[in-house]
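Structure first, then comments.
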2 protein chains.
Amino acid sequence: MSEPLTASDETAKTLRIRATSLHAQVSERLRAMIGSGELAAGEKIQERALCELLGVSRTPLREALKALANEGLIELLPNRGSRVAVFTRRQLQEAFAVMAALEGLAGEEACESANDAEIAEVEALHQELLEYYREGNAGDYFAINRAIHERIVLASHNETLIEVYRGLNHRVRAMRFSMRMDPQQWREAIEEHESILRHLKRRDGHELGVLLRYHLRNKLRDAPA
Amino acid sequence: MSEPLTASDETAKTLRIRATSLHAQVSERLRAMIGSGELAAGEKIQERALCELLGVSRTPLREALKALANEGLIELLPNRGSRVAVFTRRQLQEAFAVMAALEGLAGEEACESANDAEIAEVEALHQELLEYYREGNAGDYFAINRAIHERIVLASHNETLIEVYRGLNHRVRAMRFSMRMDPQQWREAIEEHESILRHLKRRDGHELGVLLRYHLRNKLRDAPA
DNA sequence: CGAGAGGATAATGAATTCAAAATTCAAAAT
DNA sequence: ATTTTGAATTTTGAATTCATTATCCTCTCG
């Protein structure tokens with residue numbers, strides 16, 4: 001893993017149209033590295049080493065760092081470089097609360113704007129969710145759970161909402177928390193998801209909004225941090 | 001206006017500790033210029049000219065541009081530089097909807113977290129609002145209106161929420177819309193504000209949340225854009 | 001007279017350079 | 001032995017340089 005972003009082969013370089021600017025590629029890459037934990041929270045950014053790893057000069061890397069700092073994923077220390085942002089338990093709870101509020105709006109708007117295919121997709125994911133619940137497969141359950149929430153946000157067709165939600169999602173991923181639930185909570189979560197799907201299919205925006213705004217409450221235990 | 005960011009006087013330079021990095025100062029400055037309309041929507045960013053105006057080299061300017069692009073205030077055109085973002089009427093409506101959702105959460109949390117001084121401050125602003133309403137002074141009315149909403153968000157003591165809200169606020173300012181209301185709507189807005197204040201003082205988070213989530217609906221006419 | 005080719009000019013994107021600041025490390029002093 | 005000092009080294013922040021791409025302008029040809 002971690003190959004240079006630019007093709008090392010000269011021919012490939014000249015033949016391939018450069019899709020995006022380097023700083024955008026580096027930003028994307030760093031977000032992924034932070035989200036996956038390859039760059040750990042609090043870790044100092046070694047500019048020169050990262051440049052070498054990514055195969056770019058410091059200029060695009062620093063541009064990317066500034067952009068990510070604006071997103072909250074990187075902290076800039078005056079005259080002392082930058083490090084991966086450290087999130088507190090409180091910040092995680094805050095992000096959850098904001099995301100729940102956004103999902104509430106997304107639910108309302110999705111009921112008005114979603115097309116049938118999008119709703120069908122959520123339903124399909126819901127079936128998968130139930131499958132993993134029955135199997136007791138928590139890892140895949142959480143992945144699907146997240147996918148469902150994302151699909152509902154996408155179905156709002158509100159680009160601004162989608163973008164803001166995405167930013168928070170990046171942060172939450174960076175936090176690498178463990179969302180452990182006991183069987184009772186898990187059962188309740190499943191019931192809530194049943195309601196969510198039902199209201200979405202009925203396009204009952206108001207009720208779906210209420211559900212989503214409170215669905216995330218108390219789901220969080222805490223992060224290892 | 002528009003003096004270089006760095007002191008031109010050598011003595012001042014050496015004596016004063018440099019507070020923040022150039023890119024941060026430039027970002028701040030550009031946000032203000034976009035918010036005030038000094039840089040108009042859609043306007044091409046002339047890097048060299050701006051550098052000269054701000055008294056910095058292209059490096060910090062470009063870092064700032066990347067950061068603002070991430071915020072949505074600047075558009076990056078591949079190999080063609082950048083321009084001030086152009087917002088559509090739809091994006092403005094989207095931003096309003098998201099802000100209303102965030103204010104709803106802010107209201108709920110403010111009722112739990114605000115201290116009495118913060119509530120008193122909102123009440124004082126509310127009195128000012130009424131004053132401007134009676135005077136028919138729309139300009140100051142909107143300024144105070146915005147201040148009230150901001151104070152409620154701040155009173156949530158949810159840093160993540162505050163930050164996300166602030167980002168949207170920058171965009172909305174950049175849009176320079178006109179929020180014209182007829183007398184009937186204005187009267188209704190005042191009544192809503194009365195309710196908002198009443199619920200805040202009673203710390204009735206649920207009701208305040210509902211109010212704020214729907215307060216902004218239909219407030220928007222449109223932008224000159 | 002207008003459309004298009006082609007070359008000059010300017011702007012962009014990224015690498016490199018350079019000064020200032022922080023960090024490291026070894027020697028000296030308590 | 002531990003802390004302190006101060007020079008060497010590294011890292012950072014920002015300016016400058018350089019290759020590439022886009023834009024403009026003129027000239028030719030229809």
Side-chain angles (χ1 to χ4, degrees), chain A residues 3-30 39 42-70 74-85, chain B residues 3-30 39 42-70 74-85:
Chain A
E3 287 136 32
L5 295 170
T6 48
S8 47
D9 182 48
E10 276 301 326
T11 326
K13 247 189 209 172
T14 46
L15 288 182
R16 190 180 311 169
I17 277 58
R18 197 188 50 247
T20 51
S21 54
L22 284 188
H23 88 93
Q25 293 177 62
V26 171
S27 296
E28 194 55 39
R29 191 76 190 289
L30 291 182
L39 282 173
E43 186 176 336
K44 181 91 200 302
I45 297 292
Q46 298 289 358
E47 293 190 1
R48 216 113 53 71
L50 250 186
C51 286
E52 193 154 326
L53 180 71
L54 301 177
V56 299
S57 78
R58 282 176 62 218
T59 305
L61 172 62
R62 300 182 106 252
E63 288 170 349
L65 289 173
K66 263 71 176 182
L68 294 202
N70 224 29
I74 289 285
E75 273 175 76
L76 264 29
L77 318 170
N79 285 320
R80 300 185 52 192
S82 43
R83 61 172 186 168
V84 180
Chain B
E3 288 138 30
L5 295 171
T6 48
S8 47
D9 181 48
E10 276 301 325
T11 325
K13 246 189 210 173
T14 46
L15 289 181
R16 190 180 312 169
I17 277 63
R18 197 187 53 247
T20 51
S21 55
L22 284 187
H23 89 93
Q25 293 177 61
V26 171
S27 296
E28 194 55 39
R29 190 76 190 289
L30 291 182
L39 282 173
E43 187 176 337
K44 181 91 200 302
I45 297 292
Q46 299 288 357
E47 293 190 0
R48 230 138 30 71
L50 251 185
C51 286
E52 193 154 327
L53 180 71
L54 302 177
V56 299
S57 78
R58 282 175 63 219
T59 305
L61 172 62
R62 299 181 106 253
E63 288 171 347
L65 289 173
K66 263 71 176 182
L68 295 201
N70 224 29
I74 290 285
E75 273 175 76
L76 263 29
L77 318 169
N79 285 320
R80 300 185 53 194
S82 43
R83 61 172 186 168
V84 180

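Lettering follows sequence order; numbering is per chain, from 1.
Atom CG of A:L22 is separated from atom P of D:dT21 by 13 Å (rounded to the nearest Å). Between A:H23 atom NE2 and C:dA15 atom P the separation is 13 Å, expressed in whole Å. Between the CD atom of B:E63 and the P atom of D:dA14 there is a distance of 7 Å, given to the nearest Å. Between the C1' atom of C:dT12 and the CG atom of B:L76 lies a distance of 11 Å, rounded to the nearest Å. In this structure, the CG atom of A:L61 is 15 Å from the P atom of D:dA14, given to the nearest Å. Spacing between atom CG of A:N79 and atom C1' of D:dA14 amounts to 11 Å, rounded to whole angstrom units. Atom CZ of A:R48 and atom P of D:dT9 are 14 Å apart (whole Å). Taking atom CG of A:L54 as the reference point, atom C1' of C:dA15 lies 15 Å away to the nearest angstrom.
At C:dT23, none of the side-chain N or O atoms of A:K44 fall inside 4.0 Å of OP1 or OP2 (strictly under the cut-off). Between A:K66 and the phosphate of D:dA14, there is no side-chain N or O to OP1/OP2 separation shorter than 4.0 Å. Contact between the side-chain N/O atoms of A:R62 and the OP1/OP2 oxygens of D:dG13 is found at a separation under 4.0 Å.
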Strand DNA chain C as a dot-bracket string - pairs counted if Watson-Crick or G-U with both distances under 3.5 Å, | where the partner lies in another strand: ||||||||||||||||||||||||||||||
Side chain to side chain contact (heavy atoms under 4.5 Å, CB included) between A:L30 and A:L65, worked out: CA-CA 8 Å; A:L30 291 182; A:L65 289 173; 3.9 Å; yes
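For the pair B:E75 (side chain) and B:S82 (backbone), a donor-acceptor distance under 3.5 Å is absent.
If you find the closest nucleotide of DNA chain D to A:R80 and to B:P60, the one lying nearer the 5' end belongs to A:R80.
A:A67 and B:N70 make their closest contact through O-ND2, 3.2 Å (heavy atoms, listed as atom of the first residue, atom of the second, distance). Across all their heavy atoms, B:I74 and B:V84 have their closest contact at CD1-CA, 4.1 Å. Shown here for B:P60 and B:L22, the closest heavy-atom pair between the two residues is CB-CB, 3.8 Å. Of all heavy-atom pairs spanning B:L76 and B:P78, the tightest one is O-CD, 3.6 Å.
Which of D:dG13, D:dA14, D:dT11 sits closest to the side chain of A:E47 comes down to D:dG13.
Residues satisfying the side chain to side chain contact (heavy atoms under 4.5 Å, CB included) test with B:E28, not counting sequence neighbours, are B:R31. B:T59 pairs by the side chain to side chain contact (heavy atoms under 4.5 Å, CB included) definition with B:S57, B:E63, not counting sequence neighbours. In this view, B:R58 and B:E47 satisfy the salt bridge (charged side-chain N to carboxylate O under 4.0 Å, His left out) rule, not counting sequence neighbours.
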Could you list all N or O pairs between the protein and nucleotides 16-19 of chain C that sit under 3.5 Å apart?
from, atom 1, to, atom 2, distance (Å)
C:dT16, O4, A:T59, OG1, 3.2

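The residue A:L65 sits apart from the nucleic acid: no heavy atom pair falls under 4.0 Å.
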